[in-house]
Amino acid sequence: MSPRLVWRKSVSVMMLSLTGVCALAGVSVLLFILGYLLWYGGKYINWDFVTQLPKPVGETGGGMANAIVGSAKLLLLAALTGVPVGFFGGVYLSEFGGKTFAFLVRYTTDLLNGVPSIVMGIFAYTVVVLPMRHFSTLAGGLALGVMMIPIAVRSTEEFLRAIPTALREGALALGASKWKTIVKVVIPAAAGGIVTGIMLDLARVAGETAPLIFTSFNNRFWSSGWNQPIASLPVMIYTYALGPYDDWHRQAWAAGLILLLLVLAANIVARTVLARRSTAREM
Amino acid sequence: MATLQGMSAMEKTPTKMEPDEVSKPSNGRPQPKLLVSALNFFYGKRQALLDVTIQIPENRITGLIGPSGCGKSTFLRTLNRMYEIVPHARAEGRIELDGQNLMELDAMEVRRRVGMVFQKSNPFPKSIFDNVAFGLRVNRIVRRGELHEAVERSLRRAALWDEVKDSLHDSAYKLSGGQQQRLCIARALAVDPEVLLLDEPCSALDPIATAKIEELLFGLKKLCTVVLVTHNMQQAARVADVTGFFLLGRLIEFNTTEVIFKTPASRQTEDYITGRFG
């Protein structure tokens, strides 16, 4: 082999190994976190933890059933507010957006995505909590919903844009209206990606703490209504991890693991449903 | 200068553009289905079609040939107003469909009546059945109970039924390239179009798949008027009844296929079909 060829080959091998090393580094960090959570949190997850309310301060034992249900309720509210706005916004940007206005919307959503979550909390505090004069589940759900919008918009837009124009033309050429084309052809073709994007978005806000401290606050008991403060896993983790008791620290680990498992389970369910639907009808 | 001469030749001798067989409805010959006059087309500031005037005969196959970028696909897209989805595209002139001004009709109505098959087959990511039923459903053409029958009829017309009758609910993506293109033809035929536009439908297909589609085109002209844009001159010679030659956005010559290929009036047409350029 000529020296030139040897050099080219070694550069190729070097660069390939570099990408492999970086991929491995990324995955190992994730695995490390997961292992750590499993190790510390796994030990303390028991039936009581998922069914009981927190014990009074100072006593050991008890659980976080209220925080698990609380997080679910907050995420439901977040999905109800954030997903429609994000989804239809994304459809608009991809299918209807004019040049200037679309640019403006895109720019603003990217900006919104960069707003620190604590600022979102203060925003929700100002527009919902202050007028209502108390913390509430609604305020928390709204704060999370607003946080979902940027990613829901942009991921929906990207997945719709990836659908070839040829499909749109095919439908339009059959006499379908623009809206029918979008609803019957473009969105179904992109559904897998859109749902995945939204699930990841939900997973991201599921772990948000800062916006909830200002809005849904916390509650050591079952929340008595959408209008009342409510416990959530991230806020419980925050409170317990900072607390002075060893039992609280252990429960914080367990709560972290539960949060991760819930997000994982939601993702798996969404993907399976989607995969089954597409194998049955399309692929 | 050369193209200008071609244009003036056409203007002076309109009979060359409107062959006897096509232009005289009185003797039982086909009527013009589409009548295009003085059509100019622009993409922004760039002019893509210059003063195109043509009469497309009913229940005949009209072939449009010409080198890449000569405007034949653009022309095809004016006939069902598909050009409108391209930003800054604009057409000037008059197009009549059965005497009605195409530009004043509703675009959705036009596209229902003037179907289109694209260069690259574009089945929807749905089942074979749902692909064919799509146009029927969005246009609410048939009642629910008749849907299956209509789908079968369209697939038979596109010579695809025997190959797919046992797998109607499989994905359209499982079909071969040629089958996908015939599926697209079936899908277009399902809504009973009066005109079927085909934009180089065989350019991505092998000779056997191409032969099948050509064969089916012969049968289709009983059902509707066919306009076929093709890169392949042999294809035009084989299937078209009348042929138009486009060059640089102008319709240079339009006549029966036999005349175009054997005794073209224009030097440019002759150069093109004998392979001297393009």
Side-chain angles (χ1 to χ4, degrees), chain A residues 91-106 156-197 271 273-283, chain B residues 76-77 79-88 105-141 169-174 180 183-184 186-193 196-199:
Chain A
V91 171
Y92 174 82
L93 282 187
S94 160
E95 309 295 322
F96 297 98
K99 244 187 180 153
T100 327
F101 185 62
F103 171 79
L104 206 73
V105 173
R106 228 169 263 140
T156 304
E157 182 197 357
E158 291 306 320
F159 282 112
L160 289 176
R161 269 175 190 278
I163 302 304
T165 319
L167 283 186
R168 295 181 175 86
E169 288 184 339
L172 290 171
L174 288 165
S177 67
K178 188 163 184 180
W179 181 240
K180 272 271 164 68
T181 301
I182 293 167
V183 172
K184 300 264 180 188
V185 175
V186 184
I187 290 175
I194 293 174
V195 172
T196 310
R271 277 167 199 254
V273 168
L274 213 71
R276 189 170 302 163
R277 213 198 55 161
S278 56
T279 43
R281 280 189 40 228
E282 287 152 19
M283 292 306 143
Chain B
L76 205 64
R77 280 162 179 264
L79 300 182
N80 65 346
R81 289 177 50 188
M82 278 300 285
Y83 73 87
E84 286 174 0
I85 67 172
V86 179
H88 310 298
L105 294 171
D106 182 72
M108 281 156 64
E109 159 83 3
V110 170
R111 291 170 193 160
R112 214 277 302 147
R113 291 170 62 185
V114 183
M116 189 166 204
V117 174
F118 298 83
Q119 181 170 5
K120 204 170 161 286
S121 64
N122 55 352
F124 303 132
K126 297 174 186 292
S127 70
I128 293 168
F129 185 91
D130 286 343
N131 261 278
V132 181
F134 184 86
L136 298 167
R137 284 175 174 147
V138 297
N139 289 296
R140 306 226 167 86
I141 290 177
H169 296 285
D170 283 1
S171 165
Y173 288 171
K174 282 190 180 164
Q180 289 193 11
L183 178 67
C184 292
R187 186 173 75 183
L189 290 176
V191 296
D192 278 323
L196 187 64
L197 311 173
L198 300 112
D199 189 359

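Just so it is clear, the values below take in all heavy atoms, side chains as well, and ignore hydrogens, waters and symmetry mates. Just so we're clear, the structure is a prediction, and the values are computed from it rather than from any experiment. Each chain gets a letter, A, B and so on, in the order its sequence line appears, and its residues count up from 1.
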- prompt: How far apart are the closest heavy atoms of A/Ala173 and B/Met116, and which atoms are they?
  reply: CB-CB, 4.1 Å

- request: Using the side-chain contact (heavy atoms from CB on, under 4.5 Å) rule, take A/Lys180 and B/Met108 through it: C-alpha gap first, then chi angles, then the decisive distance, then the call.
  value: CA-CA 11 Å; A/Lys180 272 271 164 68; B/Met108 281 156 64; over 6 Å; no

query: When rounded to the nearest 0.5 angstrom, what is the spacing between CZ in B/Arg111 and CD in A/Glu169?
result: 9.5 Å

- request: Measure across B/Phe124 and A/Leu167 and return the closest heavy-atom pair with its distance rounded to 0.1 Å.
  value: CE2-O, 3.4 Å

message: Can you tell me which portion of B/Arg81 sits under 4.5 Å from chain A's heavy atoms? Options are side chain, backbone, both or neither.
response: neither

message: Can you tell me which portion of B/Pro123 sits under 4.5 Å from chain A's heavy atoms? Options are side chain, backbone, both or neither.
response: backbone

message: What part of B/Phe118 gets within 4.5 angstrom of chain A, counting heavy atoms only: side chain, backbone, both, or neither?
response: side chain

field: B/Phe134 backbone acceptor or donor facing A/Lys184 side chain under 3.5 Å
entry: no

message: For B/Val114, which atoms come within 4.5 Å of any heavy atom of chain A: side chain, backbone, both, or neither?
response: backbone

field: Under 3.5 Å: donor-acceptor pair, side chain of B/Asn139, backbone of A/Leu174
entry: yes

